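Remarks on the structure that follows.
Counting starts at 1 for both ligands and their atoms, following the listed order. Everything quoted here is computed from the prediction, not taken from an experiment. Count residues from 1 along the sequence.
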Amino acid sequence: MIIVICIGSSCHLKGAQRVVEKLQMLVIENQLENKVILNGSFCMGNCTKGVCVQIGEMIYSVSPESVETFFQNEVLHAVQR
Ligand code: FES
């Protein structure tokens with residue numbers, strides 16, 4: 001699974017760096033280093049929401065506060081399937 005996190009300026013202001021750091025931590029905690037790849041991207045054209053995170057075709061709006069819930073729902077469930 002490839003997770004792309006927007007690191008454009010608007011998302012940066014909304015905490016993209018913290019989202020990336022938390023995702024890195026969660027991937028390691030869950031020993032998913034071989035299954036999940038984190039990538040950065042410039043602006044995805046969705047600046048009005050939270051930090052843009054893309055998995056496949058889906059674009060999610062994540063914040064440093066909601067990133068753990070996002071990980072549980074969208075990442076853990078998918079890789080454990
Ligand atoms: S800066 Fe992230 S979507 Fe525009």
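- Inspection of the environment of atom 4 (Fe) of ligand 1 yields the following protein N, O or S atoms under 2.8 Å: C43 SG, C47 SG.
- S66 and T69 share no donor-acceptor pair across their side chains, judged by distance under 3.5 Å alone.
- The hydrophobic clustering, which links ILVMFWY residues whose side-chain heavy atoms are closer than 4.5 Å, places L76 and V53 together.
- A donor-acceptor pair under 3.5 Å is absent between the side-chain atoms of K14 and the main chain of C52, judged by distance alone.
- Taking the charged nitrogens against the carboxylate oxygens, R18 and E65 do have a contact shorter than 4.0 Å, which makes a salt bridge.
- Taking hydrophobic clusters as Ile, Leu, Val, Met, Phe, Trp and Tyr residues chained together by side-chain heavy-atom distances below 4.5 Å, F70 does not share a cluster with V4.
- Checked by atom type and distance alone, the side chain of Q24 never pairs as donor or acceptor with a backbone atom of L26 at under 3.5 Å.
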